[in-house]
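None of these values were measured; they are calculated from a predicted model. The figures here come from the full heavy-atom set of this structure, side chains too, leaving out hydrogens, waters and symmetry mates.
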Amino acid sequence: MTCTEIRLTDAGLEAARIEQPSPGPGEVVVATRAAIVGPTDLEAPNNRVICGEFSGEIIDVGPGVDRGMIGTAVAVLGFRPGGTCDRCLDGASTACSDLQLRGDSIDGGLANAVLVGAHEVLPLPAGLGCEAAALMHRLARALRAIRRSTGRPGDHVAVLGGGPLALATSLVSLSAGFGRTAFVHDHARCRDAVASNGARAVAPPGNGAGWDELRTWLGGYGPDVVFECGGTPESRLAAIDLTRPAGSVVLVADDATRVPMDINLLVMGDKRVQGARVYTAGEARATLELMARSRIKVSALIGETVEVNAFLAAARNGSLQSRLAGCEATIVRWPRDTAVGA
Amino acid sequence: MLAANWHGPKDIRLEELPDPIEPTGEDVLVEVSWCGICGTDLHEYLAGPIFIPPHVDEVVLGHEFSARVVAIGDQVDSVAIGDRVVVIPHRVCRECHFCRRLMFQHCRNLQLIGYTRNGAFARFTIARQDQLVVLPAEIPEEFGALVEPLAVTFHGMRQPGVELGADITIIGAGPIGLSAVATAKAAGLGRIYVVEMLPQRAAIARAMGADEVLDPRDVEPLAAIRELTGGEGTSVTMECVGREETMDLAIQAARPGGLVLLAGITESPSDVDLNAAVRDEKEIRGCIGYFDGEFGAVIELLASGRLDPAPMITHKLELDRIVADGFELLVRDRDSCIKVLVSPS
Ligand SMILES: [Zn+2]
Ligand SMILES: [Zn+2]
Ligand SMILES: [Zn+2]
């Protein structure tokens, strides 16, 4: 049977016909039903199948895998640990030294036949559809950031910075029983979405008085935990400054450039910086449960939903880039029996 | 009484000050046995005021000390005249936001003996009874003066992520680095690697329990630590120098998922790579100060012999020699001079 996968090449996004792969021992084939496309997908290495965040349906299983799984809707872990480094052998593969990210260092999921390990897929709980489940990766990153933090129910927190992870982290934090939650973010539309779910959402204060006001609202001396999602040097410095003495900052964003900063703020303030990059399978499962129970308000995270052929057309006519700019996810739908690129 | 009174940078005067008045309320008058010169005292001497508030014109330095109780206020019930004690320099308000949450080291109205109140480079000083921890008879009073610096690094060893049998890299073998070696050993850590280039400090680190001391002039320390740990780095690293390069080394030398404790204070803004927190899930934590209860725990470890700070004591002097043979010696001879203990009595 022939299938289709969408790769980023020098000539742009291309739909390529492939033979459906036959799964080896312990492997399954997933037909993607929903995938999230963002700006970084258009910067993937050459000839990579794009999309690290996707969900779909199992259409074939290899030896040793329960055939009853065929037809199951699943979310797929957005990364693959190497499995052999000391961290992996310690069972701490989130800090794996050889971690590969789907859609980046290995092929992603924008295809209707994706070969993955049976241990890399998570069946969707009842009531959760594939489109929402495609958001699992970013929400599980947020969940891990919250779990790893020192924040406990009743603590005051702030979510700082721009970008999809900021939106995801603020919505997950609203399900964690925190006391006051402040969302400091550039976009009015994102602020409205988070405010309507119970946070106080403000634009980044332009001056010290604005930050002081926020600090006062967050328990007097600043929040117990700040989740820094912007990844800019300014945002990181603001996060360390904002958090209360002996509080913690969790970096949820990817790498920021280095910039001179007063590290004594950290040392003298008895503060800590932690980070979260990916998540465990258990954390992914917990995220899916919270999503299925509507404890995380997924709708605020979804921007445009576009069918796969319309998506390819937009890529060809150059209108795609501008549509991917916001923090909300652009979801590509790939319904069963769709003829792609035809 | 004779006192070493700070008036400004390079201006510590040996002066006759009036003895403190009879203590009232919960206050206790103590006679100082031994007081160590701390790295921050040296900073105050060379470039102060740093921790001394700007409005203070003069103050008696000295906050690492053991003493004997000589008079007590009418509300004192936890110590008696004649007790040998160690003094916690923090005098907290017990009323502010942080005190009410038992986070005394962040008290908004914190007073510090030796910075905001007259300290222990004098025969007598005053403390409140909740600042005193009784020193058991088997612990020499010289060791009592080391409880404060030991508590700083002991606080680090009590952080989540510092685990029994784990390996550690300690950067710098000055007083704090050597305290880290001693407390790491007492806390049950495994292999202890130290990065230090001064030969006598390196020798003392070895004597106190370091398994390996790396001299950055001989080896590239990061490569050496990775080689010693199968390419991974150590579970814990502790920076005890306060320079940008060594902070970066501390972050890089921690294994993925490891803990970085920053105990050094830098003199200027530093370009430190926090990306490792995300990329490798390293946790980077400021490590300054201690909880009051940690003084008692350090004293227990000293009493049981599991903590032996003796090699750190390199010099002992009378108070009248504190400037020429104390502060100036610390400036002149960083290698052989670790902890100078001063006796004002
Ligand atoms: Zn690994
Ligand atoms: Zn936004
Ligand atoms: Zn207080």
So [Y] and [X], do their side chains get closer than 4.5 Å, heavy atoms only?
X	Y	value
B:Arg108	A:Pro245	yes
B:His97	A:Arg244	no
A:Arg236	B:Asn275	yes

From [X] [atom1] over to [Y] [atom2], what is the distance, rounded to the nearest 0.5 angstrom?
X	Y	atom1	atom2	answer
A:Lys271	B:Ile284	NZ	CD1	15.0 Å
A:Met268	B:His106	CE	NE2	11.5 Å
B:Thr229	A:Asp86	OG1	CG	9.0 Å
B:Leu262	A:Arg272	CG	CZ	12.5 Å
A:Tyr221	B:Met103	OH	CE	11.0 Å
B:Arg255	A:Ser97	CZ	OG	10.0 Å

Inset, instruction - Identify which part of A:Leu237 has an atom lying under 4.5 Å from any heavy atom of chain B, answering side chain, backbone, both or neither. - result: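 Contact with chain B is absent: no heavy atom of A:Leu237 under 4.5 Å.
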Inset, instruction - Answer with side chain, backbone, both or neither: which region of A:Ala246 has an atom nearer than 4.5 Å to a non-hydrogen atom of chain B? - result: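 Both parts, backbone and side chain.
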Are there more than 12 heavy atoms of other residues, nucleotides or ligands under 6.0 Å from atom [atom1] of [X]?
X	atom1	value
B:Glu245	CD	yes
A:Arg200	CZ	yes
A:Leu89	CG	yes

Inset, instruction - Using modelled atom types only, decide if a donor and an acceptor are shared between the side chain of A:Asn264 and the backbone of B:Ile265 within a distance under 3.5 Å. - result: no
Legend entry - Minimum heavy-atom distance B:Val278-A:Ala276, with the two atoms named: CG1-O, 3.6 Å
Inset, instruction - Specify the closest pair of heavy atoms between B:Ala277 and A:Val273, including all atoms of both residues, with the distance to one decimal. - result: CB-CG1, 4.0 Å
Inset, instruction - Count the heavy-atom pairs under 4.5 Å between each of A:Val278, A:Asp270, A:Leu251, A:Leu266 and chain B, then report the option with the highest count. - result: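 Of the candidates given, the most pairs with chain B belong to A:Asp270.
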Legend entry - Carboxylate-amine/guanidinium contact B:Glu281 A:Arg87, below 4.0 Å: no
